[in-house]
Student: 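Pasting a structure below so you can have a look.
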There are 2 protein chains.
Amino acid sequence: MADSTPANTADPAAAWRGRRRRQDHGTKRDAVIRTAAKAFDERGYHNTSLDDIAAALGVTKPTIYYYVANKEQLLFECFLAGLEPIRAALRRAEQAPGSGRDRLREVIHDYAVAIASEYGWCMVRAEHQDLGAELGAQVRALKSEIDRGIRRLLQHGINDSSIAVTDPKLAAFAIAGALNWIAHWYRAGRTLTQDEVADAFVQFLEHGLAPRQPGAGNPVRASVRVRRTRVVAKA
Amino acid sequence: MADSTPANTADPAAAWRGRRRRQDHGTKRDAVIRTAAKAFDERGYHNTSLDDIAAALGVTKPTIYYYVANKEQLLFECFLAGLEPIRAALRRAEQAPGSGRDRLREVIHDYAVAIASEYGWCMVRAEHQDLGAELGAQVRALKSEIDRGIRRLLQHGINDSSIAVTDPKLAAFAIAGALNWIAHWYRAGRTLTQDEVADAFVQFLEHGLAPRQPGAGNPVRASVRVRRTRVVAKA
DNA sequence: GTAAGATTCTACTCAACAGTAACTTATGGT
DNA sequence: ACCATAAGTTACTGTTGAGTAGAATCTTAC
């Protein structure tokens with residue numbers, strides 16, 4: 001989860017191969033989770049056996065149990081890893097300056113980038129029923145926290161009249177839906193970068209389909225304040 | 001699939017209970033598919049055994065095999081049943097009058113209503129990997145047909161300048177995403193009707209977050225031409 | 001070098017569930 | 001009345017895959 005160590009960006013199996021064995025426990029655990037996320041994304045949770053994941057890592061099944069309690073918890077960790085960046089974006093927005101719309105714009109951007117990550121599937125497509133009552137409730141709580149955050153930003157924007165929507169609740173669902181869906185179609189390394197997608201979505205969600213009325217340029221003062229989220233050291 | 005016979009609206013098990021046995025084959029088959037869709041929605045595909053579905057219908061497992069070939073095909077039928085209304089909406093839009101935006105508005109509305117149906121889950125959350133290569137490809141083809149339809153409407157709208165988006169492809173994804181997500185949160189019989197949701201989404205997707213510039217009222221000539229889709233005879 | 005502990009492996013158990021075989025019962029046409 | 005067939009049942013098989021016990025192997029500290 002701590003995306004800090006090098007060499008976890010490309011091939012997770014590298015955490016084993018070549019290196020000496022008594023290797024940083026955390027790094028390997030992250031590799032397990034990361035590989036699981038990728039496998040779930042490709043084949044779905046139930047069509048992925050722990051043997052599959054083990055094989056992808058070049059180890060055997062019991063090794064996985066050395067790092068996580070069971071398959072359920074593995075899925076849970078994927079959720080957490082994916083959800084965290086979005087929660088961080090919302091926390092940042094809470095104490096940022098600017099109109100509601102400016103701040104929401106930032107969140108939408110970071111949200112889109114997060115969903116296009118390798119954990120996108122887990123956040124969006126994984127079924128809560130696959131987690132027991134306990135963990136399922138935790139995930140639901142986190143998701144609902146995100147939902148409330150977006151609604152709050154919408155409300156701010158409505159109050160300072162930088163945003164106009166009829167129903168903030170449904171608007172939040174529409175925004176989250178458009179963004180979450182990215183996980184269904186986006187594949188890394190095809191034509192579009194995560195940032196390009198994010199910018200396009202910011203654009204669309206702000207203005208919708210209708211042409212903007214000529215004249216009365218809308219206040220794009222801060223544009224997208226390109227705070228390129230600190231990229232983790234690659235390689 | 002043929003939503004024509006009475007008594008399939010409420011409880012599908014009613015197709016068996018009380019009635020004599022030599023009963024309309026098609027009706028019962030529909031009841032099987034409908035019940036499967038509901039169960040998949042509630043517990044997910046893999047957490048639903050055929051015994052579960054059989055129990056919900058008040059029959060035993062082999063009876064299900066009497067109506068469908070296997071579990072995979074059962075899921076496939078749910079896909080078809082759900083996707084069809086959306087394809088129909090697109091077909092209607094193809095030969096409708098009005099601007100691209102007017103026609104897209106109709107499609108968005110009907111799409112939203114369809115996704116809020118009991119087949120919403122199958123269309124949106126079911127994994128293609130759970131269908132074999134054959135059926136999976138068919139579903140993918142249908143979905144891509146829908147995607148192309150939306151893009152075409154967007155392009156019409158751009159041409160007649162009733163729509164302004166930078167990238168029609170991404171706009172189509174955003175629209176589909178917002179709509180598809182409805183399947184994740186909408187539950188029938190809570191506060192909002194399908195139509196209310198649909199209208200709110202039409203509204204939001206047309207105008208986005210930004211307040212409309214005062215003056216220059218936008219051309220809402222046809223509004224939502226409330227062609228209340230023919231409701232099937234209920235009970 | 002060697003003991004202690006950390007890490008990974010081989011070789012299982014056990015339950016769930018899709019799918020089937022073969023038998024039973026109701027129904028409608030003749 | 002009777003039989004051909006539609007509709008359903010009970011009771012199984014076979015496989016898959018999560019999870020575990022316990023042995024084997026590596027690493028580091030001393």
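No hydrogens, no waters, no symmetry mates; every other heavy atom, side chains included, goes into these values. Each chain gets a letter, A, B and so on, in the order the sequences are listed, and its residues count up from 1. Please read all numbers here as calculations on a predicted model, not as lab measurements.
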Student: Under a 4.0 Å threshold between the charged nitrogen and the carboxylate oxygen, would B:R87 count as salt-bridged to B:E84?
Tutor: yes

Student: Do side-chain atoms of B:Q129 reach the backbone of A:N47 as a donor and acceptor pair under 3.5 angstrom?
Tutor: no

Student: So which of residues 39-49 of chain B are in contact with DNA chain D, with a heavy-atom cut-off of under 4.0 Å?
Tutor: none

Student: Would you indicate, yes or no, if D:dG8 has its OP1 or OP2 atom less than 4.0 angstrom from a side-chain nitrogen or oxygen of B:Y67?
Tutor: yes

Student: Which of the following nucleotides, C:dA18, D:dA21, D:dA18, is nearest to the side chain of B:L50?
Tutor: C:dA18

Student: Look up atom CZ in B:F204 and atom CG in A:L209, then write down how far apart they are to the nearest 0.5 Å.
Tutor: 10.5 Å

Student: Would you say B:Y66 places a side-chain N or O within less than 4.0 Å of OP1 or OP2 belonging to D:dG8?
Tutor: no

Student: Would you tell me if any nitrogen or oxygen in the side chain of A:T60 comes within less than 4.0 Å of OP1 or OP2 on C:dT8?
Tutor: no

Student: Heavy atoms under 4.0 Å, any strand shown: does B:T63 hit a base, just sugar-phosphate, or nothing?
Tutor: base

Student: Using a cut-off of strictly less than 4.0 Å, decide whether B:H25 has a side-chain nitrogen or oxygen near OP1 or OP2 of D:dA6.
Tutor: no

Student: Under 30°, 30 to 60°, or over 60°: which ring-plane class applies to B:F173 and A:W185, parallel, tilted or perpendicular?
Tutor: parallel

Student: Specify the separation, in whole Å, of atom NZ of B:K71 and atom C1' of C:dT20.
Tutor: 17 Å

Student: Rounded to whole angstroms, how far apart are CD on A:Q73 and P on D:dG19?
Tutor: 11 Å

Student: Check the orientation of B:Y45 and B:F40. Use parallel for under 30°, tilted for 30 to 60°, and perpendicular for over 60°.
Tutor: perpendicular

Student: Could you tell me the separation between the NE2 atom of B:H128 and the CG atom of B:L75, rounded to the nearest 0.5 Å?
Tutor: 9.0 Å

Student: At what distance, to the nearest 0.5 angstrom, does CG of A:L179 lie from CZ of A:F201?
Tutor: 6.5 Å

Student: Over how many whole Å does the gap from B:Y65 atom OH to C:dA18 atom P extend?
Tutor: 6 Å

Student: Given atom CG of B:D51 and atom P of C:dA16, what is their separation to the nearest angstrom?
Tutor: 12 Å

Student: Give the rounded distance in Å between these two atoms: CD1 of A:I64 and C1' of D:dG17.
Tutor: 13 Å

Student: B:E72 has an atom CD; how far is it from atom C1' of C:dC17, in whole Å?
Tutor: 16 Å

Student: Bend across the helix from C:dG1-D:dC30 to C:dT30-D:dA1, to 10°, with axes taken over 5 pairs at each end?
Tutor: 10°

Student: Work out which heavy atom in B:R151 is nearest to a heavy atom in B:A172; give both atom names and the distance.
Tutor: CG-CB, 3.7 Å

Student: Within 45 degrees of the axis of the six-membered ring of A:F79 and under 6.0 Å from its centre: does A:K143 put its NZ or CZ there?
Tutor: no

Student: Ignoring hydrogens and angles, answer whether the base of D:dG19 and the side-chain atoms of A:K61 contain a donor-acceptor pair closer than 3.5 Å.
Tutor: yes

